[in-house]
Amino acid sequence: MEKFSKWRDASTGIQPFLTPMPSRTNANIYAKIAFILGIILKPILGILKLLLTFVTAILLFLLVDIIGLALKNFKPVYRTYHYIFTSLLSRLSLFFMGFYWIHVETVSLRKGRPSIPKLRQISGVRPGDVIICNWTSYVEVLYLAFRFDPIFTQVYTSSNTLRPISLWTALWLTGSYPEDKPPSSVKTYSLQELVREATINKLGPIVVFPEGTTSNGRALLKIAPIFKSLSLPIEAFSIHILTARYEYDNFSPTYTVGNKFWHFVMLCSQYFNVLHVKILAPEESLSSPNFTIPSAQSSVLPSPSIIQDDVIGSQILNLMGQLGRMRKTNLGMEDKKAFLDFYWEKTSGYAKKK
């Protein structure tokens, strides 16, 4: 849309904030029949899947957040109980949302090495490890909850700190107005402090969405300089880098703007959705003893968003771009805030309150 051209990245020509449109298909007789059947069946399917997902969400809240509190003083039991029910019910939610299968592969960026379509190489994630992923939807949040039952975080660029948040808060913040300053009542941590806290108390791995806000998955946004204080070699914890992308019929699972509930209804109304997750091979991650900076450079990706004085952050951005085959933009959280202000003003007649 021309009115949103201000938020088209100059170096790549990509607009990362608008919902992607499906590719056009030939309007043959079969497509027309499928379209007519969809008008009848999809609303019924959507309502059914919506109800099943809500029931699953209520069970998750009751079993994990209410009943689970009784076990909180028994940390090993509580952690196991929390993981089992969070994993089971998060995956069930994804199933009811149409993600009947999730394609996961461990990928090597070194030439000549095959990808491994197995989870065994990321099965050793420990409490205090850092999981880094691009952020395009609430779907990734549910996937990460299913796979790792982690500590989710909110990024604050004004202080380069992280706020530990729950699964429910992470879902709520997806696509919301980015915050650069934490509220005065909220305690935040540097990455190293949170790693230390999670490791000592066995709280689980830490998920960081370094872009700080959602994009439509067509490119990477600038990342917050929260890794600025780190240096190589990284020995205190392991870094696991993931990227996510989707296959869909008519409606993109990525969520950047608009009514979240309506987006969820439309997502449930599709016959199926497919999530592809790529995991960087552990021996090529920044926490590997074999990692060297030259191996993370790419002559294919543009470099407008290199982070000044943040060597680790720049390498993470390069690795994510190569892993997900995504280009890097010079747009970030501040641009997303300006985009949301403009979007709400044009669609609702007023700017959304900050």
Side-chain angles (χ1 to χ4, degrees), residues 103-135 140 143-144 147-151 153 155 160 162 189-200 202-211 220 223-245 276-301 303 305-307 309-326 328:
H103 295 283
V104 182
E105 60 177 332
T106 301
V107 175
S108 171
L109 300 178
R110 296 173 187 168
K111 294 181 179 179
R113 295 193 60 186
S115 299
I116 306 170
K118 295 181 181 180
L119 288 174
R120 63 176 178 83
Q121 293 207 37
I122 200 167
S123 59
V125 176
R126 300 164 300 177
D129 282 359
V130 176
I131 299 168
I132 298 170
C133 185
N134 64 317
W135 198 7
E140 292 107 78
Y143 169 77
L144 291 165
R147 189 69 190 87
F148 304 107
D149 186 21
I151 304 168
T153 58
V155 173
N160 293 334
L162 300 167
Y189 302 80
S190 69
L191 182 60
Q192 295 98 316
E193 289 171 343
L194 190 55
V195 164
R196 195 178 307 115
E197 185 82 8
T199 303
I200 293 172
K202 307 294 182 185
L203 300 177
I206 300 162
V207 165
V208 177
F209 297 114
E211 296 165 288
L220 290 169
I223 68 175
I226 54 173
F227 308 102
K228 201 171 182 179
S229 59
L230 298 180
S231 59
L232 295 173
I234 299 172
E235 299 176 339
F237 58 93
S238 295
I239 292 178
H240 307 274
I241 298 178
L242 286 68
T243 59
R245 69 177 182 85
H276 291 266
V277 177
K278 289 184 177 180
I279 303 165
L280 182 65
E283 62 271 19
E284 297 176 34
S285 179
L286 284 87
S287 53
S288 168
N290 301 321
F291 179 82
T292 54
I293 287 181
S295 69
Q297 304 303 320
S298 170
S299 59
V300 177
L301 297 170
S303 56
S305 48
I306 291 298
I307 308 155
D309 303 322
D310 188 359
V311 175
I312 301 298
S314 295
Q315 301 315 309
I316 287 172
L317 196 62
N318 278 326
L319 290 169
M320 290 178 70
Q322 294 177 72
L323 181 65
R325 301 183 68 84
M326 293 178 285
K328 297 178 292 185

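Numbers for residues simply follow the sequence, beginning at 1.
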Ser288 side chain vs Glu284 backbone, donor-acceptor pair below 3.5 Å: no
Main-chain N/O of Ala281 paired with Ser108 side-chain donor or acceptor, under 3.5 Å: no
Any side-chain heavy-atom pair of Leu232 and Ile312 under 4.5 Å: yes
Shortest non-hydrogen separation from Met320 to Met326 and the atoms involved: O-CE, 4.0 Å
Heavy-atom pair of closest approach, residues Leu280 and Ser285: CD2-CA, 3.9 Å
Nearest-0.5 Å distance, CG of residue Asp129 to NE2 of residue His240: 4.0 Å
Straight-line distance of Ile223 CD1 to Lys328 NZ, nearest 0.5 Å: 9.5 Å
Student check: side-chain heavy atoms of Thr243 and Val107 closer than 4.5 Å: no
Validation row: Asn134, Glu211 side chains within 4.5 angstrom (heavy atoms): yes
Closest heavy-atom pair and its distance - Glu140, Ala244: CG-CB, 3.7 Å
Nearest atoms (heavy-atom pairs only) where Ala198 meets Pro127: O-CB, 3.8 Å
Exercise: identify the closest heavy-atom pair between Val207 and Leu144: CG1-CD1, 3.8 Å
Value rounded to 0.5 Å, distance of CD1 in Ile241 from CG in Leu319: 4.5 Å
Worked check of side-chain contact (heavy atoms from CB on, under 4.5 Å) between Phe237 and Leu230: CA-CA 11 Å; Phe237 58 93; Leu230 298 180; 4.1 Å; yes
Atom pair CG (Leu286) and CD1 (Ile132), whose distance is rounded to the nearest 0.5 Å: 7.5 Å
Pair Val155-Phe209, side-chain contact (heavy atoms from CB on, under 4.5 Å): steps then yes or no: CA-CA 8 Å; Val155 173; Phe209 297 114; 5.8 Å; no
Rounded distance [0.5 Å steps], CG in Leu162 versus CD1 in Ile226: 4.5 Å
Distance, nearest 0.5 Å, that separates CD1 of Ile151 from CG of Leu194: 5.5 Å
Gly321 to Leu220 - nearest heavy-atom pair and separation: N-CD1, 3.5 Å
Any side-chain heavy-atom pair of Phe227 and Pro210 under 4.5 Å: yes
Trace of the side-chain contact (heavy atoms from CB on, under 4.5 Å) decision for Val277 with Tyr143: CA-CA 9 Å; Val277 177; Tyr143 169 77; 3.9 Å; yes
